[in-house]
Amino acid sequence: MPVLGTDRPERSAAQQSVDCHAARFTTHWPDPAVGIVTVSGELDASNSVEFAAYVEQSAADGVRLVLDLSTLEFFGTAGFSALHTINVRCAHSGARWALVSGEAVARLLRVCDRDKVLPVAGTVPEAITLLDGEPRRLLQLVPEPS
């Protein structure tokens with residue numbers, strides 16, 4: 001299991017990678033405000049908490065993150081739960097994010113994200129374009145009328 005610090009990593013064009021159980025998390029910063037987090041291998045209960053923590057290290061106000069899960073061989077329900085955790089943490093930190101889905105992820109999203117709450121794109125360039133557009137509106141709770 002990787003040791004994940006609380007400090008944000010340096011944003012440079014260099015890649016940084018962490019191996020965590022059956023997955024590898026790699027971050028590349030092609031631009032100081034755009035991070036691409038690629039996950040390969042298997043994302044499941046053995047590493048989903050670490051995945052959410054790894055992404056949170058890069059989430060900061062004004063940052064745009066692309067989570068490229070297109071090459072995952074397995075994506076379990078714990079991975080789906082991690083995506084919702086990431087969604088909340090990014091909203092809290094002011095970061096924007098989008099997900100690139102592969103077949104393993106798409107299969108689970110068809111069942112678990114029928115309302116299409118998560119920001120999904122087909123490719124990394126599409127995800128960046130999505131993040132360059134209008135910010136997503138989050139659900140807003142309103143009081144019941146008296």
Side-chain angles (χ1 to χ4, degrees), residues 1-9 11 14-31 33-144:
M1 179 164 76
V3 176
L4 301 173
T6 57
D7 295 330
R8 302 225 188 279
R11 294 185 192 143
Q15 286 190 358
Q16 50 196 11
S17 293
V18 172
D19 289 324
C20 185
H21 300 280
R24 171 170 271 201
F25 313 142
T26 303
T27 303
H28 174 70
W29 293 89
D31 176 290
V34 178
I36 300 171
V37 178
T38 304
V39 183
S40 57
E42 300 178 359
L43 195 54
D44 56 24
S46 72
N47 53 18
S48 63
V49 171
E50 290 87 352
F51 168 60
Y54 181 85
V55 172
E56 184 179 20
Q57 287 184 5
S58 299
D61 190 28
V63 168
R64 294 171 293 161
L65 295 173
V66 175
L67 306 184
D68 183 0
L69 308 184
S70 63
T71 63
L72 279 177
E73 297 164 16
F74 178 81
F75 184 72
T77 55
F80 179 74
S81 180
L83 291 178
H84 276 285
T85 299
I86 289 165
N87 196 31
V88 169
R89 290 178 181 171
C90 284
H92 178 66
S93 70
R96 296 183 59 201
W97 73 286
L99 163 70
V100 178
S101 162
E103 186 50 41
V105 176
R107 190 172 26 253
L108 196 63
L109 291 180
R110 280 191 293 272
V111 174
C112 296
D113 191 31
R114 299 189 103 176
D115 294 331
K116 301 187 187 304
V117 172
L118 298 177
V120 180
T123 65
V124 170
E126 286 176 17
I128 292 171
T129 300
L130 177 69
L131 294 174
D132 285 341
E134 189 73 23
R136 288 184 318 126
R137 295 193 185 274
L138 298 175
L139 293 176
Q140 183 177 9
L141 299 177
V142 294
E144 288 186 29

Exercise. Taking all non-hydrogen atoms of both residues into account, name the closest pair between Ala127 and Ala98 and its distance.
Key: CB-CB, 3.9 Å
Quiz prompt | Between CD1 on residue Ile36 and CZ on residue Arg64, distance to nearest 0.5 Å | solution = 10.5 Å
Quiz item: Hey, what do you get for CG (Leu72) to OG (Ser101), rounding to the nearest 0.5 Å?
Solution: 9.0 Å
Quiz item: Short question: side chain of Thr27, backbone of Gln16 - any donor-acceptor pair under 3.5 Å?
Solution: no
Practice problem: Give a yes or no on whether a salt bridge exists between Glu73 and Arg107, defined as a side-chain N under 4.0 angstrom from a carboxylate O. | Solution: no
Quiz item: So, for Leu130 and Val120, which heavy atoms are closest and what is the spacing to 0.1 Å?
Solution: CD2-O, 4.4 Å
Quiz item: For Leu99, which of Asp68, Ile86, Leu65, Leu83 qualifies under side chain to side chain contact (heavy atoms under 4.5 Å, CB included)?
Solution: Leu83
Exercise. For the pair Ser81 (side chain) and Thr77 (backbone), establish whether a donor and an acceptor sit closer than 3.5 Å, ignoring hydrogens and angles.
Key: no
Quiz prompt | Close side-chain approach of Thr85 to Arg89, heavy-atom, < 4.5 Å | solution = yes
Quiz prompt | Heavy-atom pair with the smallest gap, counting every atom of Ser93 and Ala59 | solution = OG-CB, 3.6 Å
Quiz item: Any donor-acceptor pair under 3.5 Å linking the side chain of Asp115 with the backbone of Val117?
Solution: no
Quiz item: How long is the gap from NE2 on His21 to CG on Asp44, to the nearest 0.5 Å?
Solution: 8.5 Å
Quiz item: Any idea which heavy atoms bring Tyr54 and Thr26 closest together, and the distance?
Solution: OH-C, 3.6 Å
Practice problem: For residues Arg24 and Thr38, determine if any side-chain heavy atom of one lies less than 4.5 Å from a side-chain heavy atom of the other. | Solution: no
Exercise. Please tell me if the side chains of Phe25 and Leu67 come closer than 4.5 Å, counting only heavy atoms from C-beta onward.
Key: no
Quiz item: For Cys20, does its backbone N or O pair with a side-chain atom of Asn47 as donor and acceptor, under 3.5 Å?
Solution: yes
Quiz prompt | Closest heavy-atom pair and its distance - Val39, Ala23 | solution = CG1-CB, 4.4 Å
Quiz item: Run the side chain to side chain contact (heavy atoms under 4.5 Å, CB included) check on Lys116 and Leu109 step by step: do they pass?
Solution: CA-CA 8 Å; Lys116 301 187 187 304; Leu109 291 180; over 6 Å; no
Quiz item: Above 12 or not: heavy atoms from other molecules or residues under 6.0 Å from CZ of Arg110?
Solution: yes
Exercise. For this output row, return yes or no: ring centroids of Phe75 and Phe80 closer than 6.0 angstrom.
Key: no
